[in-house]
Amino acid sequence: MTDSLNAVMTPVRTRFAPSPTGFLHVGGARTALFNWLYARKNNGQFVLRIEDTDQVRSTAESAAGILSDLQWLGLNWDFGPVPGAGKNEYFQSTRLDIYNQYLHHLIERGLAYEAYETPQQLAAMRMAAEKAKKPFRYRQNMPGRAAKGEGPCVIRFAMPWEEIQFTDEILGDIRVAGDEHDDIVIRKSDGFPTYHFAVVVDDHLMGITHVLRAQEHLMNTPKHLGLYAALGWVPPRHAHMPLVFNMDNTKMSKRDKAKAARQALQLYARQKNDPAYAALADSLKTDRQAIVDFVAKKNDDTALAALLAAAIGVSLPEIDVQDFRRSGYMADALLNFIALIGWSPGENREILTRAEMLNLFSLESIGKTSGRFDRKKLQWMNGEYIRRSPADSLVLAVRSFCQVKDYPLANADESSLRRILAMYQERMATFGEMAENSRFFFIEPQIDGAAGEKFIVRNQGWRWLAPIHDILSAVAAWDAASLNSAMERIIAMGEKRGEAAQVLRVALAGGAVSPPMLETILLLGRQRTLDRVRRALHQFTPADSSAG
RNA sequence: GCCCUCAUCGUCUAGAGGCCUAGGACACGGGCUUUUCACGCCUGUAACUGGGGUUCGAAUCCCCAUGAGGGCACCA
C-alpha cells in the first residue's frame with residue numbers, strides 16, 4: 001500500500017504524544033483536547049503514544065498518571081496504552097528495533113552518520129561560536145570533527161542544504177533557509193532514538209495525518225520534514241497552536257508552585273516571627289534545614305512546597321490537571337476554559353457542551369496569538385458548570401473529588417451530601433470551596449477570633465444568644481415550617497434586621513459566612529444547633545453580667 | 001547573538017476594506033435584591049503598539065520600527 005493511498009483511506013488520525021516525566025500539565029491537556037476534537041470532529045481516530053525515550057527521566061508512574069488524567073478529562077483514545085496493563089507498542093521504549101531498522105537504512109544511503117564528540121567538546125564548540133558571534137551548526141563537512149573513539153558514538157542525520165518550506169494549518173507559510181539547518185542527533189549514545197527520529201518514524205507508521213502541537217515545536221518541523229524526505233515518506237499536515245502563559249506572561253510551570261510557596265513562607269516568617277522556620281518544622285515534623293534550603297531556592301521540591309503551603313493555609317497555583325481536580329474543578333469546565341484560549345467558536349459563544357465544541361471546531365478557527373491563563377475566569381466558568389449541573393452528576397463529581405483530596409465532606413451520606421450540594425450549588429466556584437466552607441456541618445468549629453470579636457463581643461452581640469436559645473429550644477418540631485417562624489423572630493431581634501441572626505451564624509458555623517440559617521439549622525439538627533448556641537453562650541457571656 | 005512566530009479593552013476574544021461612534025465574556029466600579037457569603041438582575045469604566053504607504057475609504061492589505069513569545073541539547 002502506498003502512502004498516498006493510505007492517506008486517502010484514513011481521513012484523519014491525530015495523536016497526543018506526551019513524555020512521561022511528570023504529571024499531565026494543563027498545556028498538555030489542551031494539546032490533547034485539540035487533537036481529540038479534530039479527530040472526533042472528522043470521524044477520525046485519536047492515538048495516544050508515550051514518548052519514553054529519555055531513560056533517565058521517564059517513569060511508569062508518570063505514564064499511569066497521564067492516562068488517568070486523560071480519562072478523568074474524558075479524552076478517550078482509539079489506539080494507545082491500556083490502563084493498568086504495562087507497556088505495549090505505544091510506548092516508544094518498546095520500539096527500538098523498529099527505529100534501528102530505519103536508522104540503518106539511512107546510514108546505508110549516507111543520509112546519517114556517526115559522530116564522536118564528547119559533551120565537553122560540543123560545549124566548547126558552541127562557546128567558540130558564541131564568542132565569534134556566529135550561530136553553531138553541526139554539519140558533516142565541518143572542520144574539527146572528532147575522530148572515531150574520541151567520545152561516545154551518536155548517529156546524526158545529514159540535513160539537506162536547501163530551504164525547507166511548509167504550510168502550517170494555523171500559521172500559514174513557513175520557510176527556513178538551508179544554512180539554518182544542522183545535523184541533529186537521531187540516536188543517542190545509549191542506543192535510544194531522540195525525539196526527532198522517534199516521532200517521525202512513529203507518526204508515519206501509525207498513520208498520523210495531522211500533527212497538532214504547541215508552537216514551541218515550530219522550529220522542529222523543518223528537521224522532521226528533512227527526515228520524512230530522506231525516508232521517502234509523505235509527511236502529515238502540521239498545525240502549531242499558540243502557547244498559554246501565566247497572567248504575568250511567564251511560562252506556566254511547576255516552579256510556579258515553589259515560587260508561590262516561598263512567597264507565602266516569607267510572609268509567614270515575618271508575621272509569626274519564626275524566621276528560621278523552627279516552629280513550622282516542629283509542627284510538621286520535618287527537617288528544618290529542608291525548609292531553609294527550599295526558601296533559599298536551593299530546590300523547587302513541589303511536594304515540600306505543597307506540604308508547607310497546606311501547613312500555613314495558603315493554596316498554590318494549579319498547574320497540572322491533577323491540581324485542578326484536587327481544587328474541585330469539573331473536567332468539562334476545565335476543558336471548556338482551556339479550549340477558549342486560542343480558539344473561538346464564534347457567535348459570542350463561550351460555554352459549550354462537548355457536542356457543541358465538536359460541532360464548531362475547526363483548525364481555521366484557531367488563532368495565532370498566545371494567551372494567558374486567567375484563573376478568575378476559570379473559576380467563574382466552573383461555577384457556571386456547577387450551577388447548570390443536575391444533582392445526580394454533581395454527586396458523582398463530588399464523590400470523585402473526595403477521592404483525590406480528603407475532606408470531612410467525604411464521610412457524608414448520600415442524603416446529607418445532596419442537601420449540602422443544594423445549599424452550595426449557587427454559591428460555590430469549586431468543590432474545594434464547598435468542602436472548606438461546609439466543614440462545620442461535620443466538625444464542631446472553633447469560633448474564629450475576628451468574627452467572634454466583631455459579631456459577638458462588640459455591641460454585646462452575646463446578649464442575643466440566650467433569647468435565641470429560648471426560641472429555638474421551644475420549637476416543637478424541627479422542620480422547615482416551624483423553624484421558619486422561629487428564624488423570622490430571630491432575624492427581627494435587635495435594632496438592625498439580621499443582627500441576631502449573624503450572632504447565631506458565628507455560633508454555629510464558627511465564622512461570618514454560611515448558607516442561610518434556616519437550611520443550616522435544619523441540616524445541623526436540634527441537638528447540635530442548641531449545643532453550639534450554649535457553647536457560645538458560655539464562651540462569650542461576660543462573668544460579671546447579670547444574664548437572664 | 002542568530003532564526004522563526006505573533007500584535008484589538010487589565011484578561012480571553014469577535015472582527016476576513018465601508019455594517020465599527022469596534023461587539024461579547026471574565027475581572028473591576030456603581031446600583032437593586034438580601035439574615036452573612038454567594039447567586040441573580042440593571043448599569044458604568046476600558047482597546048485597534050507607532051510610523052509610513054495602497055485605496056474614495058483601513059482594526060482589517062503592504063513596508064519599516066517597536067514590543068512580546070518561541071527555538072538554537074545525546075529533553076521532549
Side-chain angles (χ1 to χ4, degrees), chain A residues 17-21 51-54 56-58 115 117-119 122-123 126 129-137 151-156 168 171-172 174-177 179-180 182 184-190 192-196 198-199 214-222 240 242-243 245 247 249 251 337 340-351 367-381 383 387 424-429 433 437 451 455 487-488 490-493 496-506 509 511-518:
Chain A
S19 66
T21 55
E51 309 220 319
D52 55 348
T53 53
D54 185 332
V56 179
R57 296 198 303 152
S58 298
E117 282 74 20
T118 62
L122 285 169
R126 289 198 180 92
E130 196 180 325
K131 257 189 169 172
K133 298 199 170 181
K134 279 178 154 181
F136 174 67
R137 311 258 184 260
C153 175
V154 299
I155 309 287
R156 286 181 183 267
D168 187 279
L171 297 170
I174 305 287
R175 43 187 75 228
V176 175
D179 55 10
E180 292 297 328
D182 72 353
I184 50 170
V185 172
I186 54 178
R187 190 176 72 180
K188 303 181 258 188
S189 56
D190 66 359
F192 275 62
T194 59
Y195 157 76
H196 299 296
V199 246
Q215 230 175 78
E216 59 196 359
H217 286 292
L218 185 61
M219 286 299 102
N220 288 333
T221 308
H240 290 91
L243 268 13
F245 299 97
M247 289 301 279
N249 237 1
K251 213 169 174 179
F337 175 73
L340 257 27
I341 304 178
W343 173 63
S344 170
E347 299 167 19
N348 289 336
R349 299 292 310 277
E350 292 213 304
I351 296 193
K368 299 178 176 183
T369 53
S370 61
R372 253 113 335 240
F373 195 96
D374 186 349
R375 288 190 164 72
K376 285 253 179 73
K377 185 152 185 174
L378 204 213
Q379 280 174 0
W380 163 78
M381 190 170 279
R387 264 162 254 134
Y424 283 94
Q425 185 167 18
E426 300 243 307
R427 66 186 88 243
M428 67 170 145
E433 194 182 320
N437 292 343
F455 295 103
M487 272 315 301
E488 276 308 321
I490 293 171
I491 288 164
M493 291 193 305
K496 267 206 321 235
R497 191 174 157 78
E499 187 182 344
Q502 196 61 2
V503 173
L504 173 60
R505 170 169 285 114
V506 174
V513 175
S514 83
M517 290 322 295
L518 178 59

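Please read these numbers as outputs of a predicted model, since none were measured by experiment. Chain letters run A, B, ... following the sequence lines, proteins first and then strands; every chain starts at 1.
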[X] side chain: which of [options] is closest?
X        : options                : result
A:Arg497 : B:rG23, B:rU35, B:rC6  : B:rU35
A:Asp374 : B:rC26, B:rU35, B:rU13 : B:rC26
A:Glu51  : B:rG70, B:rA76, B:rC26 : B:rA76
A:Glu350 : B:rA76, B:rG24, B:rU35 : B:rG24

Only pairs with both distances under 3.5 Å count, Watson-Crick or wobble alike; so what is the partner of [N] in this structure?
N      : result
B:rU34 : none
B:rU21 : none
B:rA68 : B:rU5

Spacing of [X] atom [atom1] relative to [N] atom [atom2], expressed in whole Å:
X        : N      : atom1 : atom2 : result
A:Lys377 : B:rA27 : NZ    : P     : 9 Å
A:Arg137 : B:rA73 : CZ    : C1'   : 14 Å
A:Glu426 : B:rA38 : CD    : C1'   : 9 Å
A:Ile351 : B:rG24 : CD1   : C1'   : 13 Å

So, does the side chain of A:Arg387 form a donor-acceptor pair with the base of B:rC39 at under 3.5 Å?
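Donor-acceptor pair under 3.5 Å: no.
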
Side chain of A:Lys368, base of B:rA7: donor and acceptor closer than 3.5 Å?
no

In whole angstrom, give me the gap between the [atom1] atoms of [N] and [M].
N      : M      : atom1 : result
B:rG50 : B:rA22 : P     : 16 Å
B:rC28 : B:rU11 : C1'   : 12 Å
B:rC63 : B:rA25 : C1'   : 36 Å

Where the side chain of A:Arg137 meets the backbone of A:Asp179, is there a donor-acceptor pair that is under 3.5 Å apart?
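Between the backbone of A:Asp179 and the side chain of A:Arg137 there is a qualifying donor-acceptor contact (under 3.5 Å).
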
By nearest heavy atom, map A:Ser514 and A:Ile341 onto RNA chain B; which one lands nearer the 5' end?
A:Ile341

Nearest-nucleotide 5' precedence on RNA chain B, A:Trp380 against A:Pro242
A:Pro242

Between A:Lys251 and A:Glu216, does a side-chain contact (heavy atoms from CB on, under 4.5 Å) hold up when you go through it step by step?
CA-CA 12 Å; A:Lys251 213 169 174 179; A:Glu216 59 196 359; 4.0 Å; yes

